[in-house]
Amino acid sequence: MEQILTCCFTGHRPQKFSFGFNEHDDRCKNLKKILRERIEYLITQQNVTYFITGMALGVDLFAAEIVLQLKQNYPHIQLECAIPCESQSKRWSKSLQNRYEMILSQCDTQTVLQKYYTSNCMLKRNQYMVDHADIILAIWNGTPGGTEKTIQYAKQQNKRVWLTLFYD
């Protein structure tokens, strides 16, 4: 029996990329293409079948949507949405909230880590994902922040970090 391998994602929110929220920008399209290639490689070459996303704007949502698309070709893969608090998307635009809800409706597992927002709930979510993953797929532009801290934590936990430096 093959071991089930798990991958979680970490990466920046749109504000950290020069394309911002413009997903029609060629740089954003390129980022999504790279992310899709990495995820498909993990499925086909590394036997990863379980993915965890933190459902933040940017890389997390992109990765979740890609995994859900890839389920058409690889129906055995699963997606877990690790939600830091129930109100995560409360202040987002209506269109982003709808997108968030669509992903939640299609994922295999929802894990809500706490009911209310606290200053460290995102950190707890990131640690949960790393603790439950074999591989961390990181999209990072080298700037300080949550992505950098998640990569550091993963390395401290002796996890395999697949780092893609993405400078747009």
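Since the model is a prediction, treat every value here as computed from it, not as a measurement. All heavy atoms count here, side chains included; hydrogens, waters and symmetry mates do not.
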Output yes when a side-chain donor or acceptor of Lys124 lies under 3.5 Å from a complementary backbone atom of Leu113, and no otherwise. no

What verdict does the side-chain contact (heavy atoms from CB on, under 4.5 Å) test give for Tyr153 and Leu123, after you've listed the backbone C-alpha separation in whole Å, the side-chain angles of each residue and the deciding distance to 0.1 Å? CA-CA 10 Å; Tyr153 179 74; Leu123 174 66; over 6 Å; no

Using a side-chain heavy atom cutoff under 4.5 Å and only I, L, V, M, F, W and Y, what cluster partners does Tyr116 have? none

Taken in chain and number order and not counting sequence neighbours, the residues that satisfy side chain to side chain contact (heavy atoms under 4.5 Å, CB included) with Cys107 are Leu79, Cys81, Gln110

Quick one: sort the His132 and Tyr128 rings into parallel, tilted or perpendicular, breaks at 30° and 60°. tilted

Is there a chain of hydrophobic side chains (I, L, V, M, F, W, Y, each step under 4.5 Å between heavy atoms) that links Leu163 to Val59? no

For the residue pair Gln114 and Cys121, what are the closest heavy atoms and their distance? NE2-CB, 3.4 Å

Hey, are the side chains of Thr49 and Asn47 touching, using non-hydrogen atoms and a 4.5 Å cut-off? no

Please check if Val161 and Ile135 belong to a single hydrophobic cluster, counting links between Ile, Leu, Val, Met, Phe, Trp and Tyr side chain heavy atoms closer than 4.5 Å. no

List, one per line, each side-chain donor-acceptor pair under 3.5 Å for residues 6-14, sequence neighbours excluded.
from: His12; atom 1: NE2; to: Asn141; atom 2: N; distance (Å): 3.0
from: His12; atom 1: NE2; to: Asn141; atom 2: OD1; distance (Å): 2.9

Counting C-beta onward and ignoring hydrogens, is there a side-chain heavy-atom pair between Glu65 and Met102 closer than 4.5 Å? no

What distance do Glu86 atom CD and Tyr117 atom OH have between them, rounded to the nearest 0.5 Å? 15.5 Å

Among all residues two or more places apart in sequence or in another chain, which pass the side chain to side chain contact (heavy atoms under 4.5 Å, CB included) test with Tyr41? Gln45, Gln46, Trp162

Checking Gln157 now: which residues fulfil side-chain hydrogen bond (donor to acceptor under 3.5 Å, both in side chains) with it, not counting sequence neighbours? none

What heavy-atom pair brings Pro84 and Met122 nearest, and what distance separates the two atoms? CG-SD, 3.5 Å

Under a 4.5 Å cut-off applied to non-hydrogen side-chain atoms, are Phe21 and Leu96 in contact? yes

Between Ile83 and Tyr100, is any pair of side-chain heavy atoms under 4.5 Å apart? yes

Might you work through the side-chain contact (heavy atoms from CB on, under 4.5 Å) test for Asn30 and Asp26, ending with a clear yes or no? CA-CA 6 Å; Asn30 186 45; Asp26 287 341; over 6 Å; no

Measure the CG-CZ distance between Leu31 and Arg36 for me, rounded to the nearest 0.5 Å. 13.5 Å

Which value, rounded to the nearest 0.5 Å, describes the distance between Lys71 atom NZ and Phe51 atom CZ? 10.5 Å

Is there side-chain contact between Glu101 and Leu104, with heavy atoms separated by less than 4.5 Å? yes

Derivation and outcome, side-chain contact (heavy atoms from CB on, under 4.5 Å), residues Thr53 and Val67: CA-CA 10 Å; Thr53 178; Val67 170; over 6 Å; no

Within a reach of under 6.0 Å around NZ of Lys149, are more than 12 heavy atoms found that belong to other residues, nucleotides or ligands? no

Mind checking the OG1-CZ spacing from Thr143 to Phe17? Nearest 0.5 Å is all I need. 8.5 Å

Return the set of residues passing salt bridge (Lys or Arg N to Asp or Glu O under 4.0 Å) with Asp131 (not counting sequence neighbours), or none when no residue passes. none

Between Ser89 and Gln97, is there a donor-acceptor pair closer than 3.5 Å when you use the side chain of the first and the backbone of the second? no

Is any side-chain heavy atom of Leu165 less than 4.5 Å from a side-chain heavy atom of Trp140? yes

Thr147 and Ile139 have their tightest heavy-atom pair at CG2-O, 3.8 Å

Interatomic spacing from CD1 in Ile4 to CD1 in Ile77 - rounded to 0.5 Å: 13.0 Å

Taking all non-hydrogen atoms of both residues into account, name the closest pair between Leu35 and Ala63 and its distance. CD2-N, 3.7 Å

Over all atoms of both residues, closest heavy-atom pair of Gly146 and Asn126: O-ND2, 4.2 Å

With a sphere of 6.0 Å drawn around NE2 of His76, does it hold more than 12 non-hydrogen atoms of other residues, nucleotides or ligands? yes

Do Glu23 and Lys32 sit within salt-bridge range, that is, some charged N less than 4.0 Å from a carboxylate O? yes

Taking all atoms of both residues into account, what is the closest heavy-atom pair of Arg125 and Gly54, and its distance? NH1-O, 2.8 Å

Is there a chain of hydrophobic side chains (I, L, V, M, F, W, Y, each step under 4.5 Å between heavy atoms) that links Leu70 to Val48? yes

Find out if a path of hydrophobic residues (ILVMFWY) with successive side-chain heavy-atom gaps under 4.5 Å connects Phe62 to Leu137. yes

So do the side chains of Tyr50 and Asp108 get within less than 4.5 Å of each other, counting heavy atoms only? no

Any non-hydrogen side-chain atom of Leu57 less than 4.5 Å from a side-chain atom of Trp92? yes

Out of curiosity, Met55 CE to Met129 CE, how far, rounded to the nearest 0.5 Å? 11.5 Å

Within the 3.5 Å criterion, strictly below it, is a donor on Glu80 or Thr111 matched to an acceptor on the partner's side chain? yes

